[in-house]
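Atoms considered below: every heavy atom in the structure, side chains included; atoms not considered: hydrogens, waters and symmetry mates. Just so we're clear, the structure is a prediction, and the values are computed from it rather than from any experiment. By convention in this document, chain letters (A, B, ...) are assigned in the order of the sequence lines, proteins followed by strands, and residues within each chain are numbered from 1.
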Amino acid sequence: MCPTSRPRQKRKTSRRRFREIRSGGAAAAGCKDREPRAARLPNFVGLAGGAGAAGTTLDRLRAMVVGTGSVGGEVVQHLARLQIKEIWTVDPGRLKPASVLTHGIPPAAAGKQKARYWGRQCKAISPATRVRYFAGPVQSLPLGAVGRVDLVVMATDNLAAEIEVGERCLRQRVPLVQASVHGDTLVAQARYWGNRTGSGACPCCAYADSEWSMVSRQTAFRCGGPDGHPVREADVAATMSVSPLCALASDMAMMQVLRHVLHLGPPLEDSVTEYCGFTQRTMVSPLVRNPDCRADHVVWRTVPVAGRLAARSLRQLALAALGEDPPPADLAFTVGDDLLFVERVDCCGWPQTIRRFCAEGAPVAGCPRCGAALEPQSFYSHRPVSAATLGALVDRPLRRLGAASAREVVVHYDGQAVLCQEEEEEDQEIEP
Amino acid sequence: MKITKVQTPRWGLHELSKVDLSVRNRNLMEEALTTSGGSPPWRARKKVELEDLLRLSQIAPLGRLHVERVDLREHLRAVLFMRVPVPCRPDGNNQLTVADFVALGLTYPRDVLQKRLPGIVFMQILEPHGVWHANVGEIGQPLCLGAHLPVGVRVVELVLSAYGALSMQTVMINQWDPAGVVNRSAAQWWQQNIDKIPLSKTPFLVPDEAMAANA
């Protein structure tokens with residue numbers, strides 16, 4: 001018998017979503033609807049169609065900025081000044097009083113959520129740009145989030161986030177630009193990964209033992225967190241730099257963005273551009289694929305699904321993804337953003353069969369003996385889940401398997417993957 | 001002066017790669033590999049980890065570690081039987097009961113290659129029930145192997161850590177230290193009964209007295 005019958009509060013899991021910003025707030029006071037960009041856009045050398053073509057391209061551009069700190073904050077402003085179509089900002093942190101030393105912010109901005117703050121600034125600069133923000137870690141983004149944009153710019157000191165962004169962009173073949181600084185040596189870097197085929201490099205390819213050690217050091221857990229869940233703590237040091245170096249890195253990244261988007265100059269290859277303030281030299285070096293890279297260099301094919309995905313069964317989605325029946329023997333599924341397939345849970349020596357999808361960290365059943373709320377247990381929970389484990393459940397609609405909230409499913413087979421995604425974008429939460 | 005003889009194991013951990021798999025273990029591995037899923041690098045890594053796990057079971061004293069079942073379809077999962085003293089809930093007279101064996105559910109997820117994972121996700125105690133240990137959760141009996149497991153931690157290390165934790169050769173019972181304590185009641189009890197720690201001083205690769213007698 002379980003020692004203490006501790007009635008647990010039902011843990012509410014709220015899936016974070018992007019929020020759309022409709023107004024620049026106080027920052028937009030006195031601004032016209034839209035300043036004509038053509039009044040300042042140069043006639044780039046070698047660009048077919050001239051400034052008009054550049055404007056058209058920029059009007060269609062959708063970009064995501066992951067990490068809106070001392071470097072990323074500058075990037076989002078540049079993007080807003082280009083009056084692009086969409087800007088998505090992602091950052092879990094808040095501005096601190098010390099941020100004024102490296103970020104382009106007034107002291108009054110301290111305490112505000114970074115992603116939201118810069119989102120509002122973007123909206124103020126370019127009211128016609130659709131702006132969305134996500135105030136959470138990149139690991140919590142919806143599965144196919146980066147597939148909704150044309151380009152990702154990353155400016156984070158958190159290596160775990162770097163790994164996640166690199167993998168997501170490679171999967172969905174979205175070009176990635178990274179801006180970084182090393183304050184002590186006055187070095188600013190801009191890296192570019194084209195991700196055209198998935199066979200190129202990724203951020204992890206360059207990781208040596210020192211980087212993997214830092215990944216370990218930057219993440220710690222407290223096992224005795226609330227409700228007994230391990231609490232992840234990111235131990236990432238603040239950027240030790242001076243503001244002009246941060247600005248320089250963001251500007252270098254933006255040059256890569258412009259070259260990529262407008263096809264200016266020789267075609268971009270996977271490379272790192274590095275400027276050193278001590279020597280005043282700039283070097284460009286290739287970024288090469290590491291055959292022993294720990295990241296999965298697997299490109300996802302995307303298949304749009306009309307209507308509600310949760311109304312389909314996994315077999316139907318597999319057929320849509322693969323076009324073959326019977327399906328491969330190693331077929332497996334990743335369902336939704338945070339859903340586990342829970343086979344069973346054990347308590348008081350009493351196993352309970354569950355066999356449905358449940359959100360991570362959410363209770364799935366109560367113990368009939370001690371009354372404790374039971375959550376998914378690692379040995380009996382699956383993400384991804386194999387078709388063999390699901391058995392006949394592959395023919396049941398997802399909404400009847402506890403996965404009514406799923407809008408994306410990844411079908412895995414033979415070392416490959418297909419993302420089945422609802423055609424209609426999820427309704428965003430709107431901020432006035 | 002009392003001299004205690006300690007039997008030197010025939011094989012050391014550094015010689016693991018030289019151990020040939022037994023017929024039974026080779027068949028177990030080959031059968032599991034036929035359904036191994038994931039990208040080619042992940043499948044290759046699971047093969048390496050499983051081989052080392054099976055070799056460890058062979059170099060361990062007879063009865064110390066047995067790999068009962070393996071599943072490589074997504075993560076690496078295995079059911080392990082381990083001979084190790086396991087503290088169970090004290091009886092009405094506050095006398096500790098100690099089981100001789102544990103059945104462990106091992107989960108080795110793909111994410112371990114690139115991320116640091118909490119120490120509580122790898123091992124779940126399937127049997128016995130009512131384990132009384134500061135690092136074993138009351139519900140589902142997950143065994144916390146610590147807050148500082150590195151990225152890419154190996155399966156062999158997890159198994160050895162589990163042995164050390166269950167025999168209480170390595171244990172965290174300070175309820176005010178948030179790392180590793182998942183059963184505060186047990187942590188308090190063990191602080192008051194610290195004279196009972198460890199339950200065994202026998203290293204993993206050395207047979208304990210009962211095993212030596214049966215050998």
Side-chain angles (χ1 to χ4, degrees), chain A residues 1-4 6 139 160 163-164 167 204 212-213 215-225 228-232 292-298 329-332 345-349 367 370 372-386 388-389 412-417, chain B residues 34-43 45 71 73-75 77 79 89 104-107 109-110 113-124 126-130 132 135 137-142 144 146-153 172 175 177-186:
Chain A
M1 186 173 170
C2 274
T4 52
R6 292 170 290 125
Q139 291 86 345
I163 294 166
E164 182 77 19
E167 205 164 39
C204 274
W212 290 114
S213 295
V215 173
S216 292
R217 286 199 302 276
Q218 283 184 342
T219 309
F221 293 95
R222 289 186 290 116
C223 287
H229 296 102
V231 177
R232 171 188 243 112
D292 296 325
C293 180
R294 297 191 197 191
D296 260 347
H297 284 244
V298 175
D330 65 343
L331 193 64
V345 287
D346 280 2
C347 191
C348 298
C367 178
C370 70
L374 305 179
E375 293 177 8
Q377 295 159 2
S378 58
F379 189 65
Y380 299 118
S381 306
H382 303 261
R383 179 178 171 87
V385 56
S386 65
T389 301
H412 307 272
Y413 67 103
D414 193 26
Q416 304 174 65
Chain B
T34 58
T35 55
S36 181
S39 64
W42 176 226
R43 292 202 299 263
R45 178 62 180 258
D71 176 1
R73 281 175 294 198
E74 338 115 13
H75 302 329
R77 288 177 208 269
V79 174
R89 174 158 285 283
L104 290 167
L106 164 70
T107 306
R110 163 74 181 81
L113 298 186
Q114 293 167 261
K115 298 178 186 175
R116 187 179 216 179
L117 299 179
I120 207 162
V121 306
F122 297 103
M123 293 284 191
Q124 187 171 345
L126 308 178
E127 294 274 354
H129 302 292
W132 187 241
N135 308 136
E138 294 175 75
I139 297 172
Q141 304 196 133
C144 184
H148 303 288
L149 296 176
V151 172
V153 63
M172 168 55 74
Q175 60 177 317
D177 185 330
V181 172
V182 290
N183 186 335
R184 292 208 168 105
S185 307

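Ranked by non-hydrogen atom pairs under 4.5 Å with chain A, the options Pro142(B), Gly140(B), Gly152(B), Pro40(B) are led by Gly140(B). Interface remark: of the candidates Ser213(A), Cys204(A), Cys293(A), Gly349(A), Gly349(A) forms the most heavy-atom pairs closer than 4.5 Å to chain B. Heavy-atom pairs under 4.5 Å with chain B peak, among Ala332(A), Pro384(A), Ala417(A), at Pro384(A). Across Arg73(B), Gln114(B), His129(B), the residue that shares the most heavy-atom pairs under 4.5 angstrom with chain A is Gln114(B). Comparing Gln124(B), Gln141(B), Glu127(B) by heavy-atom pairs within less than 4.5 Å of chain A, the highest count is held by Gln124(B). Note: Asp296(A) leads Asp296(A), Asp346(A), Asp330(A), Ile163(A) in heavy-atom pairs under 4.5 Å with chain B.
In this structure, CG in Leu113(B) is found 7.0 Å from CZ in Arg294(A), a value given to the nearest 0.5 Å. Atom CG of Asp71(B) and atom OG of Ser386(A) lie 6.5 Å apart (nearest 0.5 Å).
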task = Take Gln139(A) and Glu164(A), measure what side-chain hydrogen bond (donor to acceptor under 3.5 Å, both in side chains) needs, and give me the verdict at the end.
result = CA-CA 7 Å; Gln139(A) 291 86 345; Glu164(A) 182 77 19; 5.0 Å; no
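Neither the backbone nor the side chain of Gln416(A) comes within contact range of chain B; no heavy atom of the residue lies under 4.5 Å from a heavy atom of that chain. Contacts of Arg45(B) with chain A are absent, with no heavy-atom separation under 4.5 Å from either backbone or side chain. His297(A) does not touch chain B: none of its heavy atoms, backbone or side chain, sits under 4.5 Å away. Only the backbone of Ser381(A) comes within less than 4.5 Å of a heavy atom of chain B; no side-chain atom from C-beta onward does. Only the side chain of Val298(A) comes within contact range of chain B, with heavy atoms under 4.5 Å apart. Looking at Leu126(B), the atoms closer than 4.5 Å to chain A (heavy atoms on both sides) all sit in the side chain, from C-beta outward. Contacts between Ala388(A) and chain B at a heavy-atom distance below 4.5 Å involve backbone atoms as well as side-chain atoms.
Scanning all heavy atoms of the two residues, the minimum distance from Ile139(B) to Ala373(A) falls at CD1-O, 4.1 Å. Between Phe379(A) and Arg77(B), the closest heavy-atom pair is O-NH1, 3.1 Å. Here the closest heavy-atom approach between residue Pro109(B) and residue Phe122(B) is recorded as CD-CE2, 3.9 Å. Minimum heavy-atom separation, Gly137(B) to Val182(B): N-CG2, 3.4 Å.
Taking a cutoff of 4.0 Å between a charged side-chain nitrogen and a carboxylate oxygen, Glu74(B) and Arg110(B) do not qualify as a salt bridge.
For the pair Arg217(A) and Trp212(A), the cation does not sit on the ring face, since its NZ or CZ is not both under 6.0 Å from the ring centre and inside 45° of the axis.
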